[in-house]
2 protein chains.
Amino acid sequence: MEGNNKQVIFKGYIDGIPKETDMEVKVAGSSRTAKERPKGALLVKNLYLSCDPYMRGRMRQFHDSYIPPFVPGSVIEGFGVSRVVHSDNPNFKTGDIVTGMTGWEEYSLIQEPQRLRKIQQDDDIPHSYYVGLLGMPGFTAYAGFYEVCAPNKGDCVFVSAASGAVGQLVGQLAKLHGCYVVGSAGTDQKVELVKNKFGFDEAFNYKEEPDLDAALKRYFPQGIDIYFDNVGGAMLDAALGNMRVHGRIAICGMVSEQNLFKPQGIHNLFHLISKRVTMRGFLQSDYLHLFPRFLEDVISYYKQGKIVYIEDMSQGLESAPAALAGLYSGKNVGKQVVCVACD
Amino acid sequence: MEGNNKQVIFKGYIDGIPKETDMEVKVAGSSRTAKERPKGALLVKNLYLSCDPYMRGRMRQFHDSYIPPFVPGSVIEGFGVSRVVHSDNPNFKTGDIVTGMTGWEEYSLIQEPQRLRKIQQDDDIPHSYYVGLLGMPGFTAYAGFYEVCAPNKGDCVFVSAASGAVGQLVGQLAKLHGCYVVGSAGTDQKVELVKNKFGFDEAFNYKEEPDLDAALKRYFPQGIDIYFDNVGGAMLDAALGNMRVHGRIAICGMVSEQNLFKPQGIHNLFHLISKRVTMRGFLQSDYLHLFPRFLEDVISYYKQGKIVYIEDMSQGLESAPAALAGLYSGKNVGKQVVCVACD
């Protein structure tokens with residue numbers, strides 16, 4: 001296992017949206033012999049890698065963000081689920097399943113294992129869920145909905161990218177909270193999922209709506225109390241014009257803002273005043289004190305069958321560049337994960 | 001006093017910014033004989049009329065706002081300070097000085113006197129202050145700063161339209177709160193006032209800054225904790241790019257948004273996420289429970305010489321259309337008031 005190591009390499013900084021060709025799969029001779037491992041480091045075998053929209057930000061030469069850019073020529077980093085194959089660290093033992101930041105490669109040397117979390121293995125819960133429903137995207141939905149959106153029973157809730165890794169859970173939590181929930185998605189297949197699998201009250205295909213403002217007025221004749229924004233751009237602008245008094249907008253993703261250096265203009269901010277709307281950008285990492293409660297709540301909902309989760313699983317490390325690039329054109333149906341190895 | 005009544009008439013709906021010619025001064029034969037007055041109404045002589053940026057919104061045919069548009073052919077309405085000349089209402093007596101919504105005319109019949117507030121007369125406080133420092137604009141500054149901006153001692157605060165009716169008080173309250181405060185204004189004379197009269201730490205003339213982003217980086221090398229936005233547009237966009245983590249933006253005016261139907265695009269909203277910024281539109285009317293405390297605090301500060309207030313007083317009802325139009329080109333220096341009569 002310490003021989004050759006297949007890796008996905010970040011080729012260099014981009015301006016637009018990530019393309020498959022911005023990454024390349026290479027085989028590196030491993031330098032991970034026991035002698036060269038820093039003390040306390042872990043060697044892990046990566047099982048599942050997470051494709052998340054924020055990763056585009058790390059492919060840009062933009063240093064003023066909450067997370068530094070990737071280094072050209074280096075292995076892509078991201079959330080993953082991995083199995084410990086060698087540990088010098090008393091907190092981890094061989095065979096443990098861990099989740100946290102890892103490399104897009106078959107084996108990774110984790111220098112700061114204190115940043116990993118051990119997974120309680122449970123036959124009812126797929127390991128891959130720890131980068132989705134029970135990982136960063138799920139926690140983003142949980143913290144964003146309960147802490148940023150301040151929901152009340154009966155609120156009218158709109159979720160964009162509703163079939164995505166975050167959106168699908170936001171909508172289901174909102175339904176459990178007694179809200180009226182409408183989602184938007186970019187294909188009829190996703191709309192079908194949002195309505196019939198995730199149980200939103202309504203859903204629509206935004207690509208088939210010539211007038212987003214009219215679409216929102218149709219689904220929210222009384223206006224929107226909560227908009228959980230995963231896309232920014234034209235949908236955010238349309239939602240701004242349909243907010244109710246004291247509405248809340250959680251700004252989460254902005255996937256549609258394809259180029260941070262020339263993002264689309266938002267024209268409807270003046271509605272913030274007359275409707276006294278609060279718009280808040282957030283990162284799940286500010287709410288980590290709630291993580292244990294999140295895990296407990298969501299695992300319990302899941303086991304009771306009150307929530308479901310859909311993943312789009314691509315097979316093999318070679319499929320990772322296309323899987324990541326596909327996020328930005330909405331190719332994935334559900335949470336995009338790459339399966340590197342099953343165990 | 002019940003003979004002819006000079007009035008400022010709203011001619012018809014506009015699209016752009018208000019011009020002097022959108023209003024006309026006419027003399028109406030009064031119909032305000034005692035017999036025709038509804039029971040409980042007040043007849044008042046208007047002393048001071050307030051010119052406020054929000055009034056532009058009422059000159060547009062836009063019914064989805066928090067306040068209905070003006071009626072073409074009718075008298076302009078706005079905040080004023082007036083003297084009661086006839087009262088059938090037990091709560092008011094002749095000679096009382098009142099403030100609240102009135103007409104832009106010499107005499108007004110107030111049909112709902114319960115919406116007026118009686119002023120405690122005090123020789124140290126000019127009556128006109130009750131449409132400025134001690135009226136809606138002052139209260140906007142107070143509620144916006146304390147309730148929306150959630151200030152902490154040492155915060156770095158930026159105020160646009162800093163010499164205006166609201167901005168001048170925001171900056172002074174922020175200084176009293178122990179903040180570092182920078183203001184922007186549109187002439188060197190205003191910048192001078194902001195620094196030397198209102199005691200901001202720094203001020204700059206935004207019209208002389210080719211790059212607003214660079215200007216803000218100069219004054220806020222560590223970033224902005226609180227931006228009290230009175231203008232929207234390019235300044236808001238520049239501020240978004242210079243916010244600190246967990247910064248707050250109070251959205252108050254958007255004077256620069258000259259045409260609600262084609263407002264300027266905002267391109268920097270993605271910073272809301274990485275900096276976890278809260279942006280909140282507000283109206284002072286949501287905070288009226290704080291009004292008594294506001295009056296007490298601000299009157300006390302004023303009497304102790306801890307705050308000052310600058311008005312731009314135009315003389316005579318005939319001057320009112322030009323005074324209102326002047327707001328939108330920044331002609332006024334300080335709070336714009338029209339003196340209709342001295343007593």
Side-chain angles (χ1 to χ4, degrees), chain A residues 53-54 56-57 62-67 140 143-144 148 217 223 229-230 232-234 236-237 240-243 245-287, chain B residues 53-54 56-57 62-67 140 143-144 147-148 217 223 229-230 232-233 236-237 240-243 245-287:
Chain A
Y54 80 88
R56 181 191 38 181
F62 178 69
H63 294 267
D64 193 28
S65 189
Y66 58 98
I67 188 166
T140 298
V148 180
K217 285 192 165 46
D229 177 62
N230 289 307
L236 174 58
D237 228 7
L240 278 162
N242 285 281
M243 296 303 292
V245 166
H246 296 139
R248 286 84 68 202
I249 302 178
I251 302 288
C252 182
M254 297 204 174
V255 176
S256 80
E257 299 295 320
Q258 302 194 342
N259 186 335
L260 285 184
F261 298 104
K262 272 189 196 167
Q264 187 181 340
I266 295 291
H267 297 85
N268 280 336
L269 285 180
F270 62 93
H271 290 284
L272 292 181
I273 302 176
S274 59
K275 298 297 170 62
R276 294 89 103 192
V277 170
T278 300
M279 189 159 146
R280 178 173 291 167
F282 75 102
L283 293 177
Q284 48 86 30
S285 50
D286 283 339
Y287 300 91
Chain B
Y54 80 88
R56 180 190 41 180
F62 179 69
H63 293 266
D64 192 28
S65 189
Y66 57 98
I67 188 167
T140 298
E147 299 297 310
V148 180
K217 286 192 165 46
D229 176 63
N230 290 306
L236 173 57
D237 229 6
L240 278 162
N242 285 281
M243 296 304 291
V245 167
H246 296 138
R248 287 84 70 200
I249 302 178
I251 302 287
C252 182
M254 298 204 174
V255 175
S256 80
E257 299 296 316
Q258 301 195 344
N259 185 336
L260 284 185
F261 299 102
K262 272 189 196 166
Q264 186 182 340
I266 295 291
H267 297 84
N268 280 335
L269 285 179
F270 63 92
H271 289 284
L272 292 181
I273 301 177
S274 59
K275 298 298 170 64
R276 296 88 103 192
V277 171
T278 301
M279 189 158 143
R280 179 174 288 165
F282 75 101
L283 293 175
Q284 49 86 30
S285 50
D286 283 340
Y287 300 91

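Throughout, protein chains are lettered first and strands after them, A, B, ... in sequence-line order, and every chain is numbered starting at 1. Only this structure's heavy atoms are used, side chains among them; waters, hydrogens and symmetry mates stay out. All of these numbers come straight from a predicted model, not from anything done at the bench.
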Side chain proximity check, B/Met279 to A/Ile251, heavy atoms < 4.5 angstrom: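 SC-SC contact between B/Met279 and A/Ile251 ruled out.
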Measuring from atom CG of B/Leu269 to atom CG of A/Asp237, what distance do you get when rounded to the nearest 0.5 angstrom?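 Spacing of CG (B/Leu269) from CG (A/Asp237) equals 9.0 Å.
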Could you measure the distance from the CD1 atom of A/Ile266 to the CG atom of B/Leu240? Nearest 0.5 Å is fine.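 Taking CD1 in A/Ile266 and CG in B/Leu240, the distance rounds to 11.0 Å.
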Option that, when pairs with chain B are counted at under 4.5 Å, heavy atom only, ranks first among A/Arg276, A/His271, A/Arg280: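 The candidate making the most pairs under 4.5 Å is A/Arg276.
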